[in-house]
Amino acid sequence: MRFIKMHGLGNDYVYVNGYEHTIADPADLAPRIADRHFGVGGDGLILALPPEPGVEADVRMRMFNADGSEAEMCGNGVRCVCKLAHDYGITAANPMRVQTGNGVLSLEYTTNADGKVDQVTVDMGAPILEPAHVPVAPDKLTPTDQPQTFRLSIAQSNELLTTTFVSMGNPHAMIYVPDVHAIDLTRLGPLLERHPAFPNRMNIHFVQLHARNEVTMRTWERGSGITLACGTGASAVCVAGVLTDRNDRTITAHLPGGDLTLEWRESNNHVYMTGPATEVFIGDWPD
Ligand SMILES: N[C@H](CCC[C@H](N)C(=O)O)C(=O)O
């Protein structure tokens, strides 16, 4: 089976063109192909597929984390699906409509001198703020006077963290700290990802504010662990910062793998994310 290795700011996935190959059990394949020692290596597996019947879209994305769990959306991934669909002749639509687990999203892209997709702006849709729809279990959290912000107790280490929640179709928790590089993500990430207050687990972001238009963030992803970037997470960070009056509606997010530009547009309540999509290599997998 032919695969394409791509990444968005180092958030790398193994991509398969579902117009050419059918994968019977992607949840089973994802951990095997994403293994960085015994497989191709990546944060997971992403399929570019025909849209489902009746869905008005140019292409469909299904996204599987490295543990095989399927997620509703992947920001870095959908930019790369746009690149795959354009560069491999599935569609030349611009804007491109991509069916995702969070509805059909509209993407606009630029191409480089070779005519291949370079930068992509994704209309990520409206954030989901109702705690029950993130979802979080309010009875396992302590509310604060800040919107969308709760105290979270970690039983195993007797720690208390202040956390803001936003869904971009997938769930995100933001924790603001003075220095993201002082955080032991390997220790805290798993404890928070699987906290009893999160029925569907959680993507975890530690955020350091530099200015009202600039943050640095580090991420522990649900189902994949530490990643170099998280597009839905950066979108959630932008929203959380506006809700808690930390940042303005347009920010630059510095992630370990590079920068994303985010805008939570007041006119239509949608979040817009702009960043690169990069192809690294192609290969063949024996399955
Ligand atoms: N781990 C995430 C999916 C990938 C999100 C991230 N890679 C992005 O770019 O948005 C989840 O289970 O919700």
Side-chain angles (χ1 to χ4, degrees), residues 5-15 26-27 30-31 34 36 41-48 61-84 98 100-103 105 107 119-125 127-128 133-136 165-174 185 189-190 192-195 198-207 217-240 253-262 264 270-278:
K5 185 71 191 309
M6 306 175 88
H7 71 85
L9 300 180
N11 183 205
D12 61 328
Y13 293 91
V14 180
Y15 290 76
R36 294 192 187 277
D43 292 324
L45 169 69
I46 293 184
L47 312 181
M61 173 179 79
R62 288 187 74 189
M63 185 273 163
F64 297 83
N65 290 306
D67 69 355
S69 60
E70 184 169 8
E72 304 85 345
M73 221 329 249
C74 179
N76 290 311
V78 79
R79 298 200 310 274
C80 290
V81 165
C82 173
K83 178 174 177 65
L84 189 162
V98 183
T100 74
N102 191 36
L105 303 182
L107 291 71
Q119 291 286 322
V120 186
T121 295
V122 184
D123 176 347
M124 301 286 282
I128 299 158
H133 298 161
V134 172
V136 294
F165 300 105
V166 174
S167 168
M168 294 305 297
N170 58 346
H172 298 278
M174 276 57 67
L185 204 44
L192 290 166
E193 174 190 356
R194 296 176 177 278
H195 191 283
F198 309 146
N200 295 349
R201 296 189 287 165
M202 187 66 70
N203 295 289
I204 308 300
H205 310 285
F206 286 90
V207 188
M217 59 187 279
R218 289 178 66 212
T219 294
W220 175 278
E221 279 199 30
R222 176 180 65 172
S224 291
I226 293 175
T227 60
L228 295 185
C230 183
T232 51
S235 303
V237 162
C238 179
V239 171
H254 302 305
L255 302 107
D259 295 351
L260 286 172
T261 303
L262 297 309
W264 183 17
H270 285 198
V271 180
Y272 294 81
M273 168 194 64
T274 300
T278 307

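Note that the coordinates shown come from a computational prediction; the quantities given were computed from them, not determined experimentally. Ligands are counted one by one from 1 in listed order, and the atoms in each one are counted from 1 as well.
Using a non-hydrogen distance threshold of 4.0 Å, C230 registers as a contact of ligand 1. Within the 4.0 Å heavy-atom cutoff, M73 counts among the residues contacting ligand 1.
Annotation for ligand 1: atoms under 4.0 Å from non-hydrogen atoms of G231 are 8 (C), 9 (O), 10 (O). Set against the non-hydrogen atoms of Y13, the atoms of ligand 1 under 4.0 Å away are 4 (C), 7 (N). Atoms of ligand 1 found under 4.0 Å from any heavy atom of A71, numbered from 1 in the order shown, are 3 (C), 11 (C), 12 (O), 13 (O). Interface atoms of ligand 1 facing M63, defined by a heavy-atom separation under 4.0 Å, are 3 (C), 4 (C). Taking every non-hydrogen atom of N65 and a distance limit under 4.0 Å, the qualifying atoms of ligand 1 come out as 1 (N), 2 (C), 3 (C), 11 (C), 12 (O). Atoms of ligand 1 found under 4.0 Å from any heavy atom of E221, numbered from 1 in the order shown, are 1 (N), 2 (C), 3 (C), 4 (C), 5 (C), 6 (C), 7 (N). For ligand 1, the atoms lying closer than 4.0 Å to a non-hydrogen atom of N203 are 1 (N), 2 (C), 11 (C), 12 (O), 13 (O). Taking a cut-off of under 4.0 Å to the non-hydrogen atoms of N76, the atoms of ligand 1 that pass are 8 (C), 9 (O).
If you look at D43 next to ligand 1, there are no close heavy atoms at all, none under 4.0 Å.
Looking at K5, its side chain does come within 3.5 Å of a backbone N or O of G41 through a donor-acceptor pair. T121 contributes no side-chain N or O that, together with a main-chain N or O of T274, makes up a donor-acceptor pair within less than 3.5 Å. In terms of modelled atom types and a separation under 3.5 Å, the side chain of S69 and the main chain of N65 share no donor-acceptor contact. Using a distance-only test at 3.5 Å, with no hydrogens or angles considered, a donor-acceptor pair links the side chain of N203 to the main chain of R222. Counting only distance, with no hydrogens or angles, the side chain of T100 and the backbone of G103 share a donor-acceptor pair below 3.5 Å.
The closest side-chain donor-acceptor pair between N11 and T227, if any, does not fall under 3.5 angstrom.
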Practice task
Could you give me the CA-CA distance, side-chain angles and deciding distance for H172 and T232, then say whether side-chain hydrogen bond (donor to acceptor under 3.5 Å, both in side chains) is met?
Solution key: CA-CA 8 Å; H172 298 278; T232 51; 3.1 Å; yes
Exercise for the section: Walk me through it: do F198 and F165 pass the test ring pair (Phe, Tyr, Trp, His ring centres under 6.0 Å)? Expected result: CA-CA 10 Å; F198 309 146; F165 300 105; 5.4 Å; yes
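For E72, no nitrogen or oxygen atom sits less than 3.5 Å from a nitrogen or oxygen atom of ligand 1, counting backbone and side chain alike. Residue-to-ligand polar distances keep G233 apart from ligand 1: every N/O pair is separated by 3.5 Å or more. Some N or O of N170 is nearer than 3.5 Å to an N or O of ligand 1, by distance alone.
The side-chain heavy atoms of V271 and V239, taken from C-beta on, include a pair separated by under 4.5 Å. Counting heavy atoms from C-beta on, the side chains of C74 and I46 come closer than 4.5 Å.
With respect to atom 10 (O) of ligand 1, the closest heavy atom belonging to the protein is T232 OG1, 2.6 Å.
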